[in-house]
Amino acid sequence: MQVKINDVEWDLDEGSTIEDAINISKAPYIKGCSVALIEGRAQLESNVDKYKIKTSHGSIIIELSSEAPNLVEYWKQNYKDFIDTVIRWTTSNEVAIGTTTSNLEPTHDEYSYDRWDVIISLSSFSNESTHIILSKQKHDAIYGVPNENRGVFATVVGGKSNLMELKNTDTIIDIEPVIERKSVIQTARVTDFTTPLKENNELFTYIKVNANPDAPASFEHLLKIVNDGTLSVDYESETFISSDTLKGLEKDSEVTGRRKRGVVTVRNAGHSTGRVYIYREERVSSDYHNIAGYVTEGIQLLDTVTLNDKITIITDPEKISTVAMSQLEADKYLDSINIEHTRDGLTDDEAVIVAQDPLYTVDINNTKSIKTLGVPKDDFVEIELYPDVAPRSVWYFRKIAGLLDGDIGHLRIEMAIKEMDLLMIKAINSEAKGIIPENTPNDMVNAWDICVSNTACKHVGNIGVRFIDNSEFGPTGESFSSTNVIGRIVSGFDNLKGFKEGDTVYVKEK
């Protein structure tokens, strides 16, 4: 049987399931993510009510009328006959497209037409001269229309300026249905992977997002969110879905504009700053939304997912990051993707990279070159964090360390007390608000626990690590009730012991 998998035709055995289709086609898919199954293209198009007429002078969008069901049905069955036709004539009142032959019967009556009406006309009262008339202004005319709704079957809703400028030298390049969410969801379902497929089914397993080259920082923000190849649906509406993974992380304003269907934005101001949106329906432009990219494949999956679903995401370009690699590892990685590499800072093979220039994937992809800054391995500590039990404290730590939008964090040692076997990092007061008690210790703070002081004490937001167990106080000098355990050191113990006040410690998550 013939099915489409991510818009590619496949011949599968009868009884093949969704899981079989994914395995056979090797379709991009990450376990646990949603898929969309559409019954068939014909059924999908039967629910469409908008069409794009592509002319040599730009596109025109028409929306079908509910008042002319027979004429609408004729259009849906025969619209392809008008592809590769010409603009037969233009006047101050109308533009005529055609001609083709139909089985319609003409009338001889004169009717009044409104601006932007779309009319089926049988010129000279002959069905061998069937035209489409697009009205440019209110007027009366005898078009030999069929006996239904004055021959009016649609309205021009987009590309009106293109219509006004058409000439009889222009041609019709293509006509295609405009697939909107309301059309998709009438024929699509997200279903069990053991579901058998049927002839002409269409399966979608992923969404592809292409970068907006004018918004490199916003696209990098998206890349951080989809670092594991998935995006979580934290909110969904008729208009958009959104991810709150980095909600609260401030972003500078980049390029803004109309939020068309399939546009991906990053909010740059307000309560939801840092939130990523993917639009199902068009919305007006907003200065608060940076346009990070565009959905170019799998928009049908976007239409069907619901709250708390996950989506498999592919990006173009894929993320380019050397941070946390050794200089030698970066050489090999960058050579494999044809990026020229220049070492800076400590250039030894074993030096660990803490910064790259350019910083953003889009810029690196454009220049095809990168400079990496290396530091000694002794400057590094590997950590494991506990966001499930201490979400606010972990967010705070990641934010001030630069781990929310970076692959390596860095923290300045404020206090290194050798005789007490502890290190402390000073609070960033502007970020430390709202660190409530969470995951507080009972009777012991273990060696190498990472702790943050909470709102039960005066010095909220201080960060500390002890090198030995302590049953009295947390490493920030606070009682256990004022101490949140947010993670632990997993490697680099001797490195940490060697730091002194004023040093910078680089941290990477396990």
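Starting from 1, each residue takes its place in the sequence as its number. Just so it is clear, the values below take in all heavy atoms, side chains as well, and ignore hydrogens, waters and symmetry mates.
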Would you please say whether a donor-acceptor pair under 3.5 Å links the side chains of Ser16 and Asp13?
no

Report yes or no: do Arg283 and Thr239 form a side-chain donor-acceptor pair below 3.5 Å?
yes

Where is the tightest heavy-atom contact between Gly461 and Val452, given as atom of each residue plus distance?
CA-CG1, 4.0 Å

Looking at Arg488 and Glu384, does any basic side-chain N land under 4.0 Å from a carboxylate oxygen?
yes

Are Trp448 and Leu496 close enough, and set up right, to give a side chain to side chain contact (heavy atoms under 4.5 Å, CB included), and what steps lead you there?
CA-CA 10 Å; Trp448 311 114; Leu496 202 60; 3.9 Å; yes

Exercise: identify the closest heavy-atom pair between Glu254 and Ala217:
OE2-N, 3.2 Å

Interatomic spacing from CD1 in Ile408 to NZ in Lys508 - rounded to 0.5 Å
6.5 Å

Any idea which heavy atoms bring Ile435 and Ser453 closest together, and the distance?
CG2-O, 4.2 Å

Given Asn462, which partner from the list Ile425, Thr483, Thr476 fulfils the side chain to side chain contact (heavy atoms under 4.5 Å, CB included) test?
Thr476

Please determine if Asp234 and Arg275 form a salt bridge, counting it only when a charged side-chain N lies under 4.0 Å from a carboxylate O.
no

Does Arg280 reach the side chain of Glu238, with side-chain heavy atoms less than 4.5 Å apart?
no

Answer with yes or no after comparing the ring centroid distance for Phe493 and Phe467 against a 6.0 Å cut-off, counting only values under it.
no

OG1 of Thr312 to OH of Tyr29: how many Å apart, nearest 0.5 Å?
6.0 Å

Restricting to non-hydrogen atoms, name the atom on Gln327 and the atom on Asp344 that form the minimum distance, rounded to 0.1 Å.
NE2-O, 3.4 Å

State, to 0.1 Å, how close Arg466 and Leu422 come at their nearest heavy-atom pair, and which atoms those are.
NH1-CD2, 3.6 Å

Whether Phe380 and Tyr506 hold their rings parallel, tilted or perpendicular, with breakpoints at 30° and 60°:
parallel

So, Asp421 and Lys497, do they make that salt bridge, N to O below 4.0 Å?
no

In short, Leu203 meets Ala21 closest at the heavy-atom pair CD2-CB, 4.0 Å

Between Asp348 and Lys377, does at least one N-O distance fall below 4.0 Å, as a salt bridge requires?
no

Is a donor from one side chain sitting under 3.5 angstrom from an acceptor on the other, for Asn365 and Lys368?
yes

Judged by modelled atom types alone, do Asp379 and Thr504 share a side-chain donor-acceptor pair under 3.5 Å?
no

Is there a side chain to side chain donor-acceptor pair (under 3.5 Å) between Thr205 and Asn6? Walk through the geometry before answering.
CA-CA 7 Å; Thr205 65; Asn6 298 314; 2.9 Å; yes

Between Lys251 and Glu220, is there a salt bridge with N-O shorter than 4.0 Å?
no

